[in-house]
Structures are given as structure tokens and as C-alpha cells.
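Below is one structure, written out as C-alpha cells; comments come after it.
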Amino acid sequence: MKANELLDAKGLACPMPIVRTKKAMDNLKTGEVLEIHATDQGSKADLTAWSKAGGHELLESTEENGVLKFWIKKG
Amino acid sequence: MSVKAMTAKEVAKKVINKEELFILDVRNESAFNDWKIEGDKIEILNTPYFDLFDGVEEIMDAIPENKEVLVVCAKEGSSIMVAEMLSDAGLSVYYLQGGMKAWSEHLEHVKVGDLTNGGEIHQFVRLGKGCLSYMVVSNGEAAIIDPARMTDIYLDYAESIGAKITHVFDTHLHADHISGGREIAEKTKATYWLPPKDATEVQFDYQPLEGGKTITIGNTKINIHALYSPGHTIGSTSFVVDDKYLLTGDILFIDSIGRPDLAGMAEDWVGDLRETLYDRYRELSDDLIVLPAHFMIIEELNEDGSVAKPLATLFEENHGLNIADEAEFRDMVTGNLPPQPNAYQEIRETNMGKIKPDDEKQREMEIGPNRCAIR
């Protein structure tokens, strides 16, 4: 999936993946897509809930070899 | 003002002593709704940490001034962040050291009672998950029943009193938590017992635990009588210890009964469950003290933190033991099942020795409540 920005949050523990995601998202325009890579298992549920609460759209998420990938469209 | 750590053990003391505590749980809403710290005098508020990035002003009014405040998250990182924000805003707060993971793993040790000739029986209460395990001690020997994955507490306690662990039992193949039985048996060269009907797929050696078997602990002969009591699983086995205590495993709890479906056989096993609860247990002395493998609600705890009640009391008060009509019982048991425990299939496979997840993965698999009971 095509993204406007890539955020590498691998190796970071909660709350940092979401803190970084929020900062990266602040720099995007509505409709642009942020791709996030993380290894903290907790970020799956938290990013889903955070996107929903912030009016963003979680387009897709995958997990490969322990790396979680998310694509979030700014709302 | 200040931020200090509070350990799971300190929280456990507050729960057992019914002390007041205000908890701000900053996990996401679904994790919170699934599972949280509960207690008689605990007041709890859920606001996810990611809703507080821009400040804590909106929740300041909801936090009482006259209570200790504990911030809780999954592992501890987010709770420290929020605790620091609250501290900056003028409050003195605690965060839960190790988060809900530490809470899930904490075991509270309670002595339940004395046995013949100086023997003792101890209960280990896993408050965060509702799991109970036991140690029977007599004259320098010890037996452990349904031990949790955190094996140190049993090994350390046995060592501290100079007892050698000679037998380890699992009342059944567990689906809600990872058994520490095999590990303890390996470390202490104790005999590991499992009901053979639950163990058809296990990948390791064990001694078959069958009804009618009697195992003696210590020279003073504390007898453990195995009593075949299927229903939660086909192999589920209860124990009568020293003619005084009935260890019911996941068949009968204080205010609830076992569920028959976690190995996929609800319809087949509900009959067994009924027979165990309504026939087999009725033949026993109702002076026996029931010691179950779980509790479901905090009200099932006694004043001292133990979970134990006479069988006679359960016959009177436990709803699951008081459904005269068999069809109604069937409906209650099979039609009313709570969601299955987190990762229960993987947990069963781990307990069979089929898969060997690392420690971190095992921790993740056990997250959440046990959900072995029907009420």
C-alpha cells in the first residue's frame, strides 16, 4: 500500500509508538497516509483505538516476522 | 508532586484488606472492559493514555483528593507517562510496577489450615487471574497441586521450610493458564501426575492419576485420595486431602461451577458434569472444605484472602448445585457460556508439550481473566 510517510517505531515500548505516530500524523494533511512499523504487540489494539478516537482510518494492518505494519489515513 | 511505584503485592494487600484505592487505568477501552483490577473499595476510571497526550486537565476533577491514586497500564510505560503528567499537575500518585502483566503474575500465599500430625495446607491465590494452587506439607515433604507458571514461589517456600517436593499434580489439562507442574517436577525430580484421559496427546512422561489412587506425603501420612470427577474435562480429578479438604479443580467453585466446553465437548460432557456435582460429590462428607482451582469474583474471597468454604455451604448457596431439573441444568451450562479464555487452544497445546513459546509469549497468552466458570 502506498504511504506518504513511513514511521519506524520498531523496538519502542508503549507509549512511544503512539506518541511518535501522533507527532508524525500532525505533520500530514487530511487524506494522506502514514505507514507505521512497530514491534510492541500492544500497539495493535492501541493504534486501532487511537485512530478511531482521533477520527483517522486504519486502512490495513499486517504482521510479518514479529513486525507489525499499519497504514493509517489522516481524518 | 511525586510519582512512586506500587508493587502488585502492595495492591494485592489492599484488595484483601479492603482498603480504599483510586485506580486510573490508562489501557485502551477494550482491554479494560475485558479485565481489570477489582476490589471491594476500589474505585476505577478508564481513560486511555493516548487520550491524555494533550494534557490531563479533563480528568483532574474525576480524581479524588483524599485517596491514594494508582495509575495502571499493560506493562507500565504509559502509566509512568500519565503519572508524571498528574504529578506535574500537583498530585502525588503511584504507578503499578510491571503493569497488568505483573498483576497477572502475582501470587498471594495464604495458609489455609493444619493437617494431622503437624501437616499444613497452603493456598496460592493468583488475584489478577483468579487461579488457585495448593501445597500440602507434611514432615519434610511437599506436594503441589495445579501450580502456576511462576514456579519460584513454590520452590522458594518449600526450601524455606526445608521440605522436599515429592509430588506435583494437575487436576486436569488446563486451558486458561500455563501449568508449572512439569517444570517443578523436572527441577525437583518429583513425580508429575496427570489424569490419563486428559493426557492422550501430551508429549512427555507422567504418572497416570486415576480415581481411587492414594498418595502419601511425609512420614506422618497425609493421604491424598484421587476422585475421578469428569465434567470440565473428561479427565478432571478431585482430591480429598487428609479426610478434611476437597480440592475440586475446575469442577466446582465457591459461587459458580466449571464449564464443560473448553476442549470442544460441551454437549458430551455436561452429563458428566451433572453426575459429578449432583451424585459423586453428594456421596462425600459435607464437612469437607472445598478448595477450588479458581475464583471468578472477588466476593468469593474470605477475610484472610483465602478461597475456601464447607461443601455443606456450597450445597445450600451455590446456584449451580441447586438446579433440580436436568434439562434446565443443561440449558444453563451449554446455553450461557462466557467467551473462551484468551489463547486457550495455544495454552492447551503448551500444557501438552506440543508447542514451547518463549517466556514473553507465554505472558501474552495468559493475559486476561480465566473464564473457566459458569455462574
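Only heavy atoms go into these numbers, but all of them, side chains included; no hydrogens, no water, no symmetry mates. Note that the structure is a prediction, hence the values are computed from the model and not measured. Reminder, nothing fancy here: chain letters follow the sequence lines and each chain counts from 1.
Within 6.0 Å of atom CD in B:Glu65, 12 or fewer heavy atoms from other residues, nucleotides or ligands are found, so the atom counts as exposed in its surroundings. More than 12 heavy atoms of other shown residues, nucleotides or ligands fall within 6.0 angstrom of atom CD in A:Glu63. Surrounding NZ of A:Lys73 are at most 12 heavy atoms belonging to other residues, nucleotides or ligands under 6.0 Å away. Heavy atoms from other residues, nucleotides or ligands lying under 6.0 Å from NZ of A:Lys52 number 12 at most. Around the CE atom of A:Met1, the shell of radius 6.0 Å holds more than 12 heavy atoms that belong to other residues, nucleotides or ligands.
Summarising the geometry, atom OG belonging to A:Ser43 is positioned 11.0 Å from atom CG belonging to B:Asn28; distances are rounded to the nearest 0.5 Å. Considering CZ of B:Arg363 and CD of A:Gln41, their distance stands at 14.0 Å, rounded to 0.5 Å. Taken from CG in A:Asp46 to CD in B:Glu29, the straight-line distance is 12.0 Å, to the nearest 0.5 Å. Rounded to the nearest 0.5 Å, atoms CZ (B:Arg27) and SG (A:Cys14) are 11.5 Å apart. For the atom pair CZ (B:Phe53) and CD1 (A:Ile18), the distance works out to 6.5 Å, reported to the nearest 0.5 Å.
In this structure, chain B has heavy atoms under 4.5 Å from both the backbone and the side chain of A:Ala49. Contacts between B:Glu76 and chain A at a heavy-atom distance below 4.5 Å are absent for every atom of the residue.
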